[in-house]
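Below you'll find the structure, written out as structure tokens, and then a few comments.
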Amino acid sequence: IAQTASGKEACESTVSKILEAADPSGQFMFPPNVQSGNGLIHAVAKQPCGIWVCDEFGKTLQAILDKKGNKHLKDIGTNLLTLYGKANSTYGGAAHSDGVRNKIVNPHLVLLGLSTGSTVFSHVSTEQVADGLIGRIAFWPVQERPKRKKRKTIVRPSDELVAGVKSWVDFAPGGN
């Protein structure tokens with residue numbers, strides 16, 4: 001969480017660049033624009049371990065928390081809660097008219113949401129804190145804008161960093 005024009009996009013670019021170097025196929029990067037709860041679950045079912053980098057997460061959170069909002073967007077919040085509780089077990093999927101779909105063993109979704117504080121907290125009520133979703137999100141506020149740097153390009157990630165992330169990407173757990 002940081003003020004507008006404080007450089008939040010550098011975080012997004014850096015994470016993307018590191019993951020692209022460690023995993024050129026891009027299979028662990030979820031699409032930045034998740035349109036529905038079913039879309040999120042389908043993406044996690046296809047790739048049970050991944051990262052969702054969501055710029056303007058405050059706007060997404062507003063849509064998720066809006067009582068009168070779009071049901072498909074609100075389902076993202078419900079599914080985030082469900083997946084959070086199934087990280088070391090199995091998400092059983094959903095029953096559809098054509099059968100059960102999207103069973104996920106050991107789902108592991110990391111959500112890196114970038115936003116301004118006012119966008120995130122202007123729509124949060126005590127009721128929404130009590131439902132559990134807000135309590136499962138770690139917020140890191142940036143208090144002061146960083147000093148502008150002359151060099152504006154992101155350097156190539158170090159081989160050591162790429163190797164470390166690649167070991168995470170290549171990790172295949174045994175059992176539960």
Side-chain angles (χ1 to χ4, degrees), residues 1-37 39-61 64 76-77 79-91 102 104-121 132-176:
I1 297 175
Q3 300 172 5
T4 298
S6 63
K8 294 183 297 295
E9 68 283 346
C11 177
E12 176 185 15
S13 299
T14 301
V15 168
S16 297
K17 197 167 252 200
I18 292 167
L19 280 169
E20 286 166 5
D23 175 37
S25 70
Q27 69 176 347
F28 292 95
M29 288 283 291
F30 285 44
N33 189 5
V34 175
Q35 296 285 311
S36 68
L40 176 66
I41 291 295
H42 182 71
V44 177
K46 287 181 78 173
Q47 181 51 50
C49 182
I51 184 167
W52 173 23
V53 181
C54 180
D55 194 14
E56 300 301 339
F57 178 67
K59 302 252 183 220
T60 302
L61 190 59
I64 290 169
I76 293 171
N79 289 334
L80 287 173
L81 279 168
T82 302
L83 290 172
Y84 183 89
K86 298 297 182 184
N88 195 26
S89 61
T90 300
Y91 169 74
N102 298 326
I104 309 165
V105 177
N106 293 330
H108 182 88
L109 170 65
V110 174
L111 192 159
L112 173 60
L114 310 165
S115 187
T116 62
S118 61
T119 306
V120 170
F121 298 115
L133 180 60
I134 298 297
R136 288 175 172 90
I137 299 173
F139 296 98
W140 286 287
V142 175
Q143 299 299 321
E144 297 178 20
R145 292 178 189 226
K147 292 181 181 175
R148 295 215 185 263
K149 295 182 180 179
K150 291 180 183 175
R151 189 164 113 197
K152 296 181 181 179
T153 59
I154 297 170
V155 296
R156 183 183 157 284
S158 71
D159 292 340
E160 181 181 32
L161 179 60
V162 171
V165 173
K166 185 156 180 39
S167 70
W168 170 75
V169 166
D170 293 338
F171 176 71
N176 246 0

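Basis for what follows: all heavy atoms, side chains included, without hydrogens, waters or symmetry-related copies. Small disclaimer: the values here were computed from a predicted structure and weren't measured.
Between the CG atom in L112 and the CH2 atom in W52 there is a gap of 11.0 Å [rounded to 0.5 Å]. Taking CD1 of I64 as the start and CD1 of I76 as the end, the distance is 5.0 Å to the nearest 0.5 Å. Note that the SG atom of C54 and the CG atom of N33 stand 7.5 Å from one another [nearest 0.5 Å]. We find the CG-CZ distance between L109 and F30 to be 5.5 Å, quoted to the nearest 0.5 Å. The NE2 atom of H108 sits 8.5 Å away from atom CD1 of I51, with the distance rounded to the nearest 0.5 Å. Taken to the nearest 0.5 Å, the OG1 atom of T14 stands 11.0 Å off from the CG atom of L19.
Of all heavy-atom pairs spanning S36 and G39, the tightest one is OG-N, 2.9 Å. Nearest heavy-atom pair across G113 and L111 is N-CD2, 3.5 Å. Heavy-atom minimum distance, S16 versus M29: OG-CE, 3.5 Å. Of all the heavy atoms in V162 and A21, the pair that sits closest is CG2-CB, 3.6 Å. Taking both residues in full, the closest heavy atoms of Q47 and Q27 are given as CG-O, 3.2 Å, listed atom of the first, atom of the second, then distance.
Side-chain contact between V44 and N79: absent, with no pair of heavy atoms (C-beta onward) separated by less than 4.5 Å.
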message: Could you walk me through whether N88 and N106 satisfy the side chain to side chain contact (heavy atoms under 4.5 Å, CB included) test, starting with their C-alpha distance in whole Å, then the side-chain angles of each, then the deciding distance to 0.1 Å, before giving a yes or no?
response: CA-CA 5 Å; N88 195 26; N106 293 330; 4.1 Å; yes
- request: Could you please spell out the steps behind the side chain to side chain contact (heavy atoms under 4.5 Å, CB included) verdict for V34 and T60?
  value: CA-CA 9 Å; V34 175; T60 302; over 6 Å; no
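Using modelled atom types, one side-chain atom of D23 and one backbone atom of F28 make a donor-acceptor pair closer than 3.5 Å.
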